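Okay, so here's the structure we're looking at.
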Protein chains: 2
Amino acid sequence: MKKWKLLSSKMAFDNKWFKVQKDEVELPNKQIIDDYYVWLEPNVSMVVPITEDGKIVLVRQYKHGVNSLMIECPAGFADEGESYEETAQRELLEETGYKADTLELLGKLSKNPTKSTGISKIYLARNVKKIAPLKLDDNEEIEVLEITLEEIIKMIAAGEIWATGTVSAIFLVLNKLKYFHEL
Amino acid sequence: MKKWKLLSSKMAFDNKWFKVQKDEVELPNKQIIDDYYVWLEPNVSMVVPITEDGKIVLVRQYKHGVNSLMIECPAGFADEGESYEETAQRELLEETGYKADTLELLGKLSKNPTKSTGISKIYLARNVKKIAPLKLDDNEEIEVLEITLEEIIKMIAAGEIWATGTVSAIFLVLNKLKYFHEL
(Lines give C-alpha, C1' and ligand atoms only; values in the text may rest on other atoms or scores of the structure.)
Protein backbone atom coordinates (compact mmCIF):
# COMPACT_ATOMS: atom_id res chain seq x y z
CA MET A 1 0.00 0.00 0.00
CA LYS A 2 1.34 3.41 -1.01
CA LYS A 3 0.94 7.00 0.09
CA TRP A 4 -0.61 9.60 -2.14
CA LYS A 5 1.73 11.88 -4.07
CA LEU A 6 1.41 15.61 -3.39
CA LEU A 7 1.46 17.54 -6.69
CA SER A 8 0.72 21.05 -5.42
CA SER A 9 -0.70 22.95 -2.45
CA LYS A 10 -2.27 26.32 -2.00
CA MET A 11 -4.02 28.14 0.83
CA ALA A 12 -7.77 27.98 0.42
CA PHE A 13 -8.77 29.77 3.64
CA ASP A 14 -6.02 31.82 5.25
CA ASN A 15 -7.20 33.33 8.48
CA LYS A 16 -5.09 34.04 11.56
CA TRP A 17 -7.19 31.59 13.61
CA PHE A 18 -8.03 28.93 11.02
CA LYS A 19 -6.13 27.88 7.91
CA VAL A 20 -7.31 25.39 5.27
CA GLN A 21 -5.04 24.13 2.51
CA LYS A 22 -6.16 22.77 -0.87
CA ASP A 23 -3.96 19.96 -2.16
CA GLU A 24 -3.70 18.43 -5.60
CA VAL A 25 -2.75 14.77 -5.15
CA GLU A 26 -2.08 11.71 -7.28
CA LEU A 27 -3.37 8.40 -5.97
CA PRO A 28 -1.54 5.06 -6.39
CA ASN A 29 -4.04 4.19 -9.20
CA LYS A 30 -2.86 7.41 -11.00
CA GLN A 31 -6.17 9.15 -10.37
CA ILE A 32 -5.76 12.89 -9.69
CA ILE A 33 -7.78 14.66 -7.00
CA ASP A 34 -7.36 18.42 -7.41
CA ASP A 35 -9.34 19.55 -4.39
CA TYR A 36 -8.40 17.65 -1.23
CA TYR A 37 -8.76 20.03 1.73
CA VAL A 38 -6.80 19.73 4.97
CA TRP A 39 -6.88 21.87 8.11
CA LEU A 40 -3.42 23.27 8.95
CA GLU A 41 -4.00 22.71 12.65
CA PRO A 42 -1.21 23.87 14.98
CA ASN A 43 0.56 21.15 16.94
CA VAL A 44 -0.41 20.55 20.55
CA SER A 45 1.37 19.49 23.74
CA MET A 46 -0.76 17.71 26.34
CA VAL A 47 0.31 16.84 29.89
CA VAL A 48 -0.97 14.19 32.28
CA PRO A 49 0.15 15.63 35.63
CA ILE A 50 0.22 13.28 38.65
CA THR A 51 0.53 14.58 42.20
CA GLU A 52 2.67 12.85 44.85
CA ASP A 53 -0.44 11.15 46.23
CA GLY A 54 -1.40 9.72 42.85
CA LYS A 55 -4.11 12.10 41.67
CA ILE A 56 -4.36 13.39 38.11
CA VAL A 57 -4.65 17.17 37.65
CA LEU A 58 -7.35 17.98 35.09
CA VAL A 59 -8.92 21.23 33.91
CA ARG A 60 -12.57 22.02 33.31
CA GLN A 61 -13.44 24.77 30.85
CA TYR A 62 -15.91 25.79 28.17
CA LYS A 63 -15.16 24.56 24.65
CA HIS A 64 -17.02 26.36 21.92
CA GLY A 65 -16.75 23.73 19.15
CA VAL A 66 -19.08 21.38 21.03
CA ASN A 67 -20.76 24.10 23.14
CA SER A 68 -19.95 22.20 26.35
CA LEU A 69 -17.98 22.39 29.58
CA MET A 70 -15.23 19.79 29.12
CA ILE A 71 -12.89 18.06 31.56
CA GLU A 72 -9.51 17.49 29.91
CA CYS A 73 -5.80 17.20 30.51
CA PRO A 74 -3.93 20.53 30.39
CA ALA A 75 -2.88 21.20 26.80
CA GLY A 76 -2.23 23.93 24.33
CA PHE A 77 -0.73 25.10 21.08
CA ALA A 78 2.96 25.94 20.80
CA ASP A 79 4.04 29.58 20.89
CA GLU A 80 6.45 30.51 18.12
CA GLY A 81 9.87 28.91 18.50
CA GLU A 82 8.82 26.70 21.41
CA SER A 83 9.62 22.99 21.58
CA TYR A 84 6.81 20.52 22.38
CA GLU A 85 8.29 20.08 25.87
CA GLU A 86 8.50 23.82 26.55
CA THR A 87 4.86 24.18 25.51
CA ALA A 88 3.90 21.35 27.85
CA GLN A 89 5.65 22.97 30.85
CA ARG A 90 4.21 26.42 30.06
CA GLU A 91 0.63 25.21 29.55
CA LEU A 92 0.75 23.11 32.71
CA LEU A 93 1.86 26.12 34.76
CA GLU A 94 -0.53 28.60 33.12
CA GLU A 95 -3.64 26.40 33.23
CA THR A 96 -3.12 24.76 36.63
CA GLY A 97 -0.35 26.52 38.58
CA TYR A 98 1.40 23.15 38.96
CA LYS A 99 5.00 22.46 37.98
CA ALA A 100 6.74 19.28 36.89
CA ASP A 101 10.45 18.73 37.48
CA THR A 102 10.66 16.37 34.52
CA LEU A 103 8.42 15.30 31.65
CA GLU A 104 8.35 11.84 30.02
CA LEU A 105 7.13 11.62 26.44
CA LEU A 106 4.35 8.99 26.26
CA GLY A 107 3.53 9.23 22.59
CA LYS A 108 2.47 11.15 19.51
CA LEU A 109 -1.19 11.22 18.47
CA SER A 110 -3.36 12.48 15.62
CA LYS A 111 -6.88 13.63 16.40
CA ASN A 112 -8.01 13.69 12.79
CA PRO A 113 -5.59 11.93 10.44
CA THR A 114 -7.94 12.30 7.45
CA LYS A 115 -8.49 16.02 7.49
CA SER A 116 -6.02 17.69 9.86
CA THR A 117 -2.25 18.00 9.83
CA GLY A 118 -2.13 18.54 13.62
CA ILE A 119 0.02 16.36 15.85
CA SER A 120 -0.31 16.11 19.64
CA LYS A 121 2.54 14.98 21.88
CA ILE A 122 1.54 13.55 25.24
CA TYR A 123 3.73 13.93 28.34
CA LEU A 124 3.57 12.31 31.74
CA ALA A 125 4.51 14.67 34.60
CA ARG A 126 5.11 12.86 37.89
CA ASN A 127 5.05 14.43 41.35
CA VAL A 128 3.75 17.79 40.20
CA LYS A 129 3.45 20.51 42.85
CA LYS A 130 1.28 23.61 43.01
CA ILE A 131 3.68 26.56 42.92
CA ALA A 132 1.69 29.48 41.50
CA PRO A 133 -1.79 30.83 40.85
CA LEU A 134 -3.29 30.24 37.39
CA LYS A 135 -2.13 32.64 34.68
CA LEU A 136 -5.13 33.07 32.45
CA ASP A 137 -6.11 35.41 29.66
CA ASP A 138 -9.09 37.70 30.25
CA ASN A 139 -11.29 35.35 28.26
CA GLU A 140 -10.19 32.13 29.96
CA GLU A 141 -12.05 30.57 32.87
CA ILE A 142 -10.64 27.32 34.22
CA GLU A 143 -11.44 25.06 37.15
CA VAL A 144 -8.61 22.79 38.33
CA LEU A 145 -9.52 19.29 39.54
CA GLU A 146 -7.53 16.50 41.20
CA ILE A 147 -9.03 13.10 40.39
CA THR A 148 -7.83 9.51 40.90
CA LEU A 149 -7.21 7.28 37.86
CA GLU A 150 -9.95 4.90 39.04
CA GLU A 151 -12.46 7.76 39.13
CA ILE A 152 -11.31 9.02 35.71
CA ILE A 153 -11.99 5.60 34.18
CA LYS A 154 -15.52 5.74 35.59
CA MET A 155 -15.99 9.28 34.26
CA ILE A 156 -14.88 8.22 30.77
CA ALA A 157 -17.26 5.23 30.86
CA ALA A 158 -20.07 7.55 31.98
CA GLY A 159 -19.40 10.07 29.20
CA GLU A 160 -18.31 12.82 31.63
CA ILE A 161 -14.83 12.88 30.08
CA TRP A 162 -15.27 12.54 26.32
CA ALA A 163 -12.51 14.37 24.44
CA THR A 164 -10.48 11.78 22.52
CA GLY A 165 -7.14 13.48 23.23
CA THR A 166 -7.66 13.18 26.98
CA VAL A 167 -9.07 9.63 26.81
CA SER A 168 -6.06 8.57 24.71
CA ALA A 169 -3.60 10.29 27.07
CA ILE A 170 -5.14 8.43 30.03
CA PHE A 171 -4.81 5.18 28.02
CA LEU A 172 -1.08 5.84 27.54
CA VAL A 173 -0.66 6.58 31.26
CA LEU A 174 -2.50 3.41 32.30
CA ASN A 175 -0.15 1.46 30.06
CA LYS A 176 2.95 3.29 31.32
CA LEU A 177 1.99 2.66 34.94
CA LYS A 178 1.50 -1.06 34.15
CA TYR A 179 -2.24 -1.15 34.71
CA PHE A 180 -2.49 -3.39 31.63
CA HIS A 181 0.14 -5.77 32.98
CA GLU A 182 -2.31 -8.51 33.89
CA LEU A 183 -4.30 -8.63 30.61
CA MET B 1 -18.87 28.26 35.21
CA LYS B 2 -20.99 29.33 32.26
CA LYS B 3 -21.10 28.65 28.52
CA TRP B 4 -20.46 31.37 25.99
CA LYS B 5 -23.51 33.01 24.43
CA LEU B 6 -23.78 32.75 20.64
CA LEU B 7 -24.75 36.13 19.18
CA SER B 8 -24.50 35.35 15.45
CA SER B 9 -22.98 32.91 12.97
CA LYS B 10 -22.01 33.06 9.35
CA MET B 11 -20.19 30.80 6.93
CA ALA B 12 -16.59 31.90 6.51
CA PHE B 13 -15.43 29.10 4.18
CA ASP B 14 -18.20 27.19 2.45
CA ASN B 15 -16.81 24.37 0.36
CA LYS B 16 -18.48 21.03 -0.34
CA TRP B 17 -15.61 19.21 1.43
CA PHE B 18 -14.74 21.65 4.21
CA LYS B 19 -16.89 24.23 5.96
CA VAL B 20 -15.73 26.81 8.50
CA GLN B 21 -18.15 28.98 10.47
CA LYS B 22 -17.39 32.37 12.04
CA ASP B 23 -19.20 32.95 15.32
CA GLU B 24 -19.75 36.13 17.28
CA VAL B 25 -19.90 35.17 20.96
CA GLU B 26 -20.33 36.85 24.33
CA LEU B 27 -18.22 35.50 27.19
CA PRO B 28 -19.42 35.26 30.81
CA ASN B 29 -17.33 38.40 31.59
CA LYS B 30 -19.38 40.23 28.88
CA GLN B 31 -16.40 40.41 26.52
CA ILE B 32 -17.40 40.02 22.86
CA ILE B 33 -15.32 37.93 20.45
CA ASP B 34 -16.52 38.60 16.91
CA ASP B 35 -14.30 36.12 15.08
CA TYR B 36 -14.33 32.67 16.70
CA TYR B 37 -13.92 30.08 13.94
CA VAL B 38 -15.19 26.49 14.16
CA TRP B 39 -14.99 23.64 11.66
CA LEU B 40 -18.46 22.31 10.78
CA GLU B 41 -17.17 18.74 10.77
CA PRO B 42 -19.68 16.04 9.81
CA ASN B 43 -20.57 13.55 12.52
CA VAL B 44 -18.90 10.14 12.50
CA SER B 45 -19.88 6.59 13.44
CA MET B 46 -17.04 4.28 14.50
CA VAL B 47 -17.31 0.53 15.09
CA VAL B 48 -15.17 -1.81 17.17
CA PRO B 49 -15.95 -5.17 15.52
CA ILE B 50 -15.06 -8.35 17.46
CA THR B 51 -15.01 -11.77 15.83
CA GLU B 52 -16.30 -14.92 17.54
CA ASP B 53 -12.72 -15.84 18.50
CA GLY B 54 -12.11 -12.48 20.14
CA LYS B 55 -10.14 -10.61 17.51
CA ILE B 56 -10.74 -6.95 16.64
CA VAL B 57 -11.26 -6.10 12.95
CA LEU B 58 -9.22 -3.02 12.02
CA VAL B 59 -8.52 -1.25 8.74
CA ARG B 60 -5.24 0.09 7.41
CA GLN B 61 -5.33 2.92 4.88
CA TYR B 62 -3.59 6.09 3.81
CA LYS B 63 -4.68 9.27 5.57
CA HIS B 64 -3.70 12.48 3.84
CA GLY B 65 -3.93 14.89 6.80
CA VAL B 66 -0.91 13.28 8.47
CA ASN B 67 0.57 11.79 5.27
CA SER B 68 0.68 8.32 6.85
CA LEU B 69 -0.71 4.79 6.60
CA MET B 70 -2.96 4.49 9.66
CA ILE B 71 -4.48 1.50 11.45
CA GLU B 72 -7.91 2.42 12.79
CA CYS B 73 -11.36 1.11 13.62
CA PRO B 74 -13.81 1.17 10.70
CA ALA B 75 -15.56 4.55 10.66
CA GLY B 76 -17.14 7.09 8.40
CA PHE B 77 -19.36 10.10 7.93
CA ALA B 78 -23.13 9.74 7.76
CA ASP B 79 -24.84 9.79 4.38
CA GLU B 80 -27.81 12.13 4.21
CA GLY B 81 -30.76 10.95 6.30
CA GLU B 82 -28.83 8.11 7.93
CA SER B 83 -28.89 7.45 11.68
CA TYR B 84 -25.57 6.96 13.52
CA GLU B 85 -26.33 3.24 13.77
CA GLU B 86 -27.12 2.88 10.06
CA THR B 87 -23.84 4.62 9.22
CA ALA B 88 -21.98 2.25 11.54
CA GLN B 89 -23.47 -0.86 9.88
CA ARG B 90 -22.86 0.50 6.36
CA GLU B 91 -19.25 1.56 6.99
CA LEU B 92 -18.43 -1.74 8.68
CA LEU B 93 -19.73 -3.68 5.68
CA GLU B 94 -18.17 -1.40 3.05
CA GLU B 95 -14.73 -1.12 4.65
CA THR B 96 -14.33 -4.70 5.94
CA GLY B 97 -17.01 -6.97 4.42
CA TYR B 98 -18.01 -7.97 7.98
CA LYS B 99 -21.53 -7.76 9.37
CA ALA B 100 -22.80 -7.31 12.91
CA ASP B 101 -26.19 -8.63 14.01
CA THR B 102 -26.45 -6.00 16.73
CA LEU B 103 -24.56 -2.88 17.74
CA GLU B 104 -24.12 -1.59 21.31
CA LEU B 105 -23.50 2.13 21.78
CA LEU B 106 -20.36 2.59 23.89
CA GLY B 107 -20.23 6.35 23.97
CA LYS B 108 -20.07 9.74 22.31
CA LEU B 109 -16.72 11.46 21.75
CA SER B 110 -15.35 14.76 20.50
CA LYS B 111 -12.02 14.79 18.69
CA ASN B 112 -11.55 18.53 18.88
CA PRO B 113 -13.96 20.21 21.31
CA THR B 114 -12.27 23.60 20.93
CA LYS B 115 -12.43 24.03 17.19
CA SER B 116 -14.73 21.39 15.67
CA THR B 117 -18.45 20.73 16.02
CA GLY B 118 -18.01 17.07 15.03
CA ILE B 119 -19.31 14.28 17.24
CA SER B 120 -18.31 10.60 16.96
CA LYS B 121 -20.48 7.77 18.27
CA ILE B 122 -18.67 4.54 19.09
CA TYR B 123 -20.33 1.13 18.70
CA LEU B 124 -19.29 -2.32 19.84
CA ALA B 125 -20.17 -5.07 17.33
CA ARG B 126 -19.84 -8.57 18.81
CA ASN B 127 -19.50 -11.81 16.83
CA VAL B 128 -19.07 -10.14 13.45
CA LYS B 129 -18.84 -12.41 10.41
CA LYS B 130 -17.28 -11.87 7.01
CA ILE B 131 -20.19 -11.97 4.53
CA ALA B 132 -19.05 -9.95 1.50
CA PRO B 133 -16.04 -8.52 -0.31
CA LEU B 134 -15.07 -4.90 0.44
CA LYS B 135 -17.10 -2.26 -1.37
CA LEU B 136 -14.67 0.55 -2.03
CA ASP B 137 -14.65 3.66 -4.15
CA ASP B 138 -12.09 3.86 -6.97
CA ASN B 139 -9.85 6.00 -4.80
CA GLU B 140 -10.02 3.84 -1.67
CA GLU B 141 -7.44 1.22 -0.81
CA ILE B 142 -7.95 -0.67 2.45
CA GLU B 143 -6.25 -3.59 4.16
CA VAL B 144 -8.36 -5.49 6.71
CA LEU B 145 -6.60 -6.82 9.83
CA GLU B 146 -7.73 -9.09 12.68
CA ILE B 147 -5.77 -8.31 15.85
CA THR B 148 -6.18 -9.36 19.50
CA LEU B 149 -6.87 -6.72 22.16
CA GLU B 150 -3.57 -7.57 23.89
CA GLU B 151 -1.67 -6.92 20.65
CA ILE B 152 -3.60 -3.68 20.04
CA ILE B 153 -2.56 -2.36 23.47
CA LYS B 154 1.08 -3.06 22.55
CA MET B 155 0.64 -1.35 19.18
CA ILE B 156 -0.84 1.76 20.84
CA ALA B 157 2.04 1.84 23.34
CA ALA B 158 4.51 1.50 20.45
CA GLY B 159 2.92 4.32 18.44
CA GLU B 160 1.76 1.99 15.64
CA ILE B 161 -1.88 2.86 16.37
CA TRP B 162 -2.02 6.58 17.12
CA ALA B 163 -5.36 8.05 16.01
CA THR B 164 -7.16 9.32 19.13
CA GLY B 165 -10.59 8.14 17.93
CA THR B 166 -9.39 4.54 17.68
CA VAL B 167 -7.39 4.66 20.93
CA SER B 168 -10.46 6.04 22.73
CA ALA B 169 -12.76 3.42 21.17
CA ILE B 170 -10.43 0.65 22.37
CA PHE B 171 -10.47 2.25 25.83
CA LEU B 172 -14.28 2.08 25.89
CA VAL B 173 -14.19 -1.57 24.78
CA LEU B 174 -11.63 -2.53 27.44
CA ASN B 175 -13.92 -0.96 30.02
CA LYS B 176 -17.07 -2.61 28.59
CA LEU B 177 -15.39 -6.01 28.59
CA LYS B 178 -14.35 -5.49 32.26
CA TYR B 179 -10.61 -5.34 31.62
CA PHE B 180 -10.46 -2.49 34.15
CA HIS B 181 -12.33 -4.55 36.77
CA GLU B 182 -9.27 -5.17 38.92
CA LEU B 183 -7.93 -1.61 39.15
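Each chain gets a letter, A, B and so on, in the order the sequences are listed, and its residues count up from 1. Since the model is a prediction, treat every value here as computed from it, not as a measurement. Just so you know, these numbers use all the heavy atoms, side chains as well, and skip hydrogens, waters and symmetry mates.
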Let me know if [X] has heavy atoms under 4.5 Å from chain B in its side chain, its backbone, both or neither.
X: Leu40(A); result: neither
X: Asp23(A); result: side chain
X: Val25(A); result: side chain
X: Glu72(A); result: side chain
X: Leu172(A); result: side chain
X: Gln31(A); result: side chain
X: Ala169(A); result: neither

Within 6.0 Å of NZ in Lys154(A), more than 12 heavy atoms from elsewhere: no
Expected output: side-chain Thr166(A) to main-chain Cys73(A) donor-acceptor under 3.5 Å: yes
Flag, side chain of Glu151(A) to backbone of Thr148(A), donor-acceptor distance under 3.5 Å: no
Within the 6.0 Å centroid threshold, strictly below: Tyr62(B) and Trp4(A): yes
Non-hydrogen atoms of chain A under 4.5 Å away: do they reach the side chain of [X], the backbone, both or neither?
X: Tyr36(B); result: side chain
X: Met1(B); result: both
X: Ile119(B); result: side chain
X: Asp35(B); result: both
X: Lys176(B); result: neither
X: Ala158(B); result: neither
X: Asn15(B); result: side chain
X: Leu27(B); result: side chain
X: Ile142(B); result: backbone
X: Thr117(B); result: both

Note, Leu58(A) side chain near Ile152(A) side chain (heavy atom, < 4.5 Å): yes
Asn112(B) and Glu41(A): side chain donor to acceptor below 3.5 Å: yes
Verify same cluster id: [X], [Y] (apolar side-chain graph, 4.5 Å):
X: Val167(B); Y: Ile56(B); value: yes
X: Trp162(B); Y: Leu105(A); value: yes
X: Met11(B); Y: Phe18(B); value: no

State whether [X] and [Y] are salt-bridged, where the test is any N-O pair (Lys NZ or Arg NE/NH1/NH2 against Asp/Glu carboxylate O) under 4.0 Å.
X: Glu26(B); Y: Lys30(B); result: yes
X: Arg90(A); Y: Glu86(A); result: no
X: Arg126(B); Y: Glu104(B); result: yes

Chain B interface, residue from Ser116(A), Gly107(A), Ser120(A), Ser68(A) that has the most non-hydrogen pairs under 4.5 Å: Ser116(A)
Option that, when pairs with chain A are counted at under 4.5 Å, heavy atom only, ranks first among Val38(B), Asn175(B), Ile156(B): Ile156(B)
